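Below you'll find the structure, written out as structure tokens, and then a few comments.
The basis for the numbers below is simple: all heavy atoms, side chains too, and nothing from hydrogens, waters or symmetry mates. Everything numeric in this text was worked out from a predicted model, so none of it was measured.
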Amino acid sequence: MLQLTNVSLAFDTPVINDVSFELLKGEFIGVVGESGEGKTTLLKLISGLLNTSSGEILLDGDRVEGPSRKLIPGHEEIKLVNQDFDLDLYHTVRENIREKILFLSKEDREKKIDELLELMEIKYLENQKAINLSGGEQQRLAFTRALASNPKVLLLDEPYAHLDFRLKNKIQDYLLDLKYKEGLSVILVSHNGEEILSVSDKIIHFKKGSIQRVDTPLNFYNNPRTKNEALLFGPVNELLINDKLFLFRPNAYKLNKEKEDLSALKIKFVGVQFAGAHYINFFEYNDQKLLLYADQSLEKISKIYLDC
């Protein structure tokens with residue numbers, strides 16, 4: 001178990017403020033927040049790459065020491081994948097991975113390397129030096145190096161920034177497999193809450209170096225506390241209804257009155273866009289813009305029902 005207790009970091013001004021939470025074995029925690037709110041710094045503290053100003057970080061009861069207490073910064077069982085990549089630029093792709101698993105026998109080592117090269121789809125680059133790779137290829141190699149050493153905790157900082165949708169899903173499936181089979185624990189940081197909803201056991205909303213809220217993905221999505229929080233997880237409608245501001249997702253409506261306490265809204269159709277899995281229907285309600293998702297155009301609809 002990873003445990004943070006009252007962790008803070010300050011330079012000239014506070015950067016991380018009194019952060020406490022636990023990450024259990026085999027748990028995925030998503031950390032979401034806008035850029036510049038301290039999410040990357042938090043991961044560097046957890047991985048032992050920065051010193052805390054106060055508080056402590058424990059992994060299975062042992063303190064995670066910062067660089068002031070270690071000759072080589074970083075914790076052996078906590079691996080961070082971020083935008084720095086941290087590669088040996090003049091070593092080949094295969095050499096970059098091999099040096100992380102020298103403790104394995106030669107046969108097991110080469111088998112592990114081949115498995116990860118296939119997963120990340122960089123087998124064709126195995127003899128290329130890291131310095132000659134593109135940004136996306138370097139990111140995949142950094143991911144591979146982190147996974148190679150079988151860490152207890154994997155820290156991911158915007159890990160899918162350079163990956164296409166198909167490869168992102170492939171890697172996510174692999175991580176979930178490690179979660180269930182080997183108890184891998186993951187903290188996944190993103191400014192896009194939509195990409196962490198499906199994989200997180202719980203989500204932390206991080207702002208100005210502090211935890212604003214800890215909750216389930218379902219509650220974050222369906223019960224946002226503010227419009228800004230709601231927008232971290234996708235589009236939301238904000239309507240003034242009976243002098244009260246009401247937030248609801250584009251799919252949180254009914255076309256028929258299924259319960260007595262549902263309120264009817266008269267709406268005006270504006271247009272529609274096809275978006276693959278659904279259609280985005282544009283409406284107006286008392287001159288307020290409204291988005292509704294459906295599996296078809298709703299151009300003939302003039303009324304919806306909401307729980308408000």
Checklist entry - Passes side chain to side chain contact (heavy atoms under 4.5 Å, CB included), Thr40 versus Glu158? Steps please. => result CA-CA 9 Å; Thr40 295; Glu158 305 286 357; over 6 Å; no
Next on the checklist: For Leu232, give me all partners under side-chain contact (heavy atoms from CB on, under 4.5 Å), at least two apart in sequence or on another chain.
Outcome noted: Val32, Glu34, His205
Item to check | Residue pair Lys152 / Asp60, side-chain heavy-atom distance below 4.5 Å | outcome: yes
Next on the checklist: Side chains of Thr52 and Leu9, heavy atoms from C-beta outward: is any pair under 4.5 Å?
Outcome noted: no
Determine all donor-acceptor pairs shorter than 3.5 Å in which one atom belongs to a side chain in residues 299-308; sequence neighbours excluded.
none

Next on the checklist: Would you say that more than 12 heavy atoms from the other residues, nucleotides or ligands in this model lie under 6.0 Å from the NZ of Lys202, or not?
Outcome noted: yes
Checklist entry - Would the number of heavy atoms belonging to other residues, nucleotides or ligands and lying under 6.0 Å from NZ of Lys207 be above 12? => result no
Checklist entry - Does Phe103 CZ have over 12 foreign heavy atoms under 6.0 Å away? => result yes
Next on the checklist: Go through it in stages, so that I can follow the logic: the residues are Leu42 and Val189, the test is side chain to side chain contact (heavy atoms under 4.5 Å, CB included), and I'd like the CA-CA distance, side-chain angles, deciding distance and then a yes or no.
Outcome noted: CA-CA 10 Å; Leu42 177 65; Val189 158; over 6 Å; no
Next on the checklist: Can you confirm whether more than 12 heavy atoms, excluding those of Asn256, are under 6.0 Å from its CG atom?
Outcome noted: no
Next on the checklist: With heavy-atom distances below 4.5 Å as the criterion, would you say the side chains of Tyr174 and Leu116 are in contact?
Outcome noted: yes
Item to check | Close side-chain approach of Phe248 to Leu239, heavy-atom, < 4.5 Å | outcome: yes
Checklist entry - Listed by chain and number, what are the side-chain contact (heavy atoms from CB on, under 4.5 Å) partners of His162, not counting sequence neighbours? => result Gln83, Phe85, Gln139
Checklist outcome for this item: Heavy-atom closest pair (Thr226 atom, Leu247 atom, distance to 0.1 Å) is C-CD1, 3.8 Å
Next on the checklist: Here's a test for you: under side chain to side chain contact (heavy atoms under 4.5 Å, CB included), which of Asn17, Val19, Asp18 qualifies with Ser210?
Outcome noted: Asn17
Checklist entry - Looking at Phe283 versus Tyr285, is the centre-to-centre ring distance below 6.0 Å? => result no
Next on the checklist: Is it the case that atom CZ in Arg69 sees more than 12 heavy atoms from other parts of the structure closer than 6.0 Å?
Outcome noted: no
Next on the checklist: As an exercise, state the distance from CD1 of Ile267 to CG of Leu298, rounded to the nearest 0.5 Å.
Outcome noted: 7.5 Å
Next on the checklist: Nearest 0.5 angstrom please: Glu194 CD to Leu231 CG, how far?
Outcome noted: 10.0 Å
Next on the checklist: Looking at every non-hydrogen atom in both residues, tell me the closest pair between Ser190 and Asn192 and how far apart they are.
Outcome noted: OG-N, 2.9 Å
Next on the checklist: Looking at Lys123, I'd like to know if its NZ atom is crowded, meaning that more than 12 non-hydrogen atoms belonging to other residues, nucleotides or ligands lie closer than 6.0 Å.
Outcome noted: yes
Checklist entry - Hey, mind stepping through Leu178 and Asn150 against side chain to side chain contact (heavy atoms under 4.5 Å, CB included) and telling me if it holds? => result CA-CA 10 Å; Leu178 291 178; Asn150 293 324; 5.9 Å; no
Checklist outcome for this item: What one should report as the nearest heavy-atom pair of Leu104 and Arg109 is O-NH1, 3.0 Å
Checklist entry - Say you draw a straight line from CG of Asn96 to CG of Leu125; how long is it, rounded to the nearest 0.5 Å? => result 12.0 Å
Next on the checklist: Are the side chains of Leu141 and Ile97 in contact, using a 4.5 Å heavy-atom criterion?
Outcome noted: yes
Checklist entry - Could Arg98 and Glu95 be called an ion pair, given the rule that one side-chain N must be under 4.0 Å from one carboxylate O? => result no
Checklist entry - More than 12 heavy atoms of other residues, nucleotides or ligands under 6.0 Å from NZ of Lys70: is that the case? => result yes
Next on the checklist: Any carboxylate oxygen within less than 4.0 angstrom of a Lys/Arg side-chain nitrogen, looking at Lys179 and Asp201?
Outcome noted: yes
Next on the checklist: Is it true that, when you exclude Leu245 itself, more than 12 heavy atoms of the residues, nucleotides or ligands shown sit nearer than 6.0 Å to its CG?
Outcome noted: yes
Next on the checklist: Within the structure provided, determine whether Gln172 and Tyr160 are in side-chain contact (heavy-atom separation under 4.5 Å).
Outcome noted: yes
Item to check | Beyond-backbone contact of Asn237 with Tyr253, side-chain heavy atoms, under 4.5 angstrom | outcome: no
Checklist entry - Do Tyr293 and Ile280 have side-chain heavy atoms sitting under 4.5 Å apart? => result yes
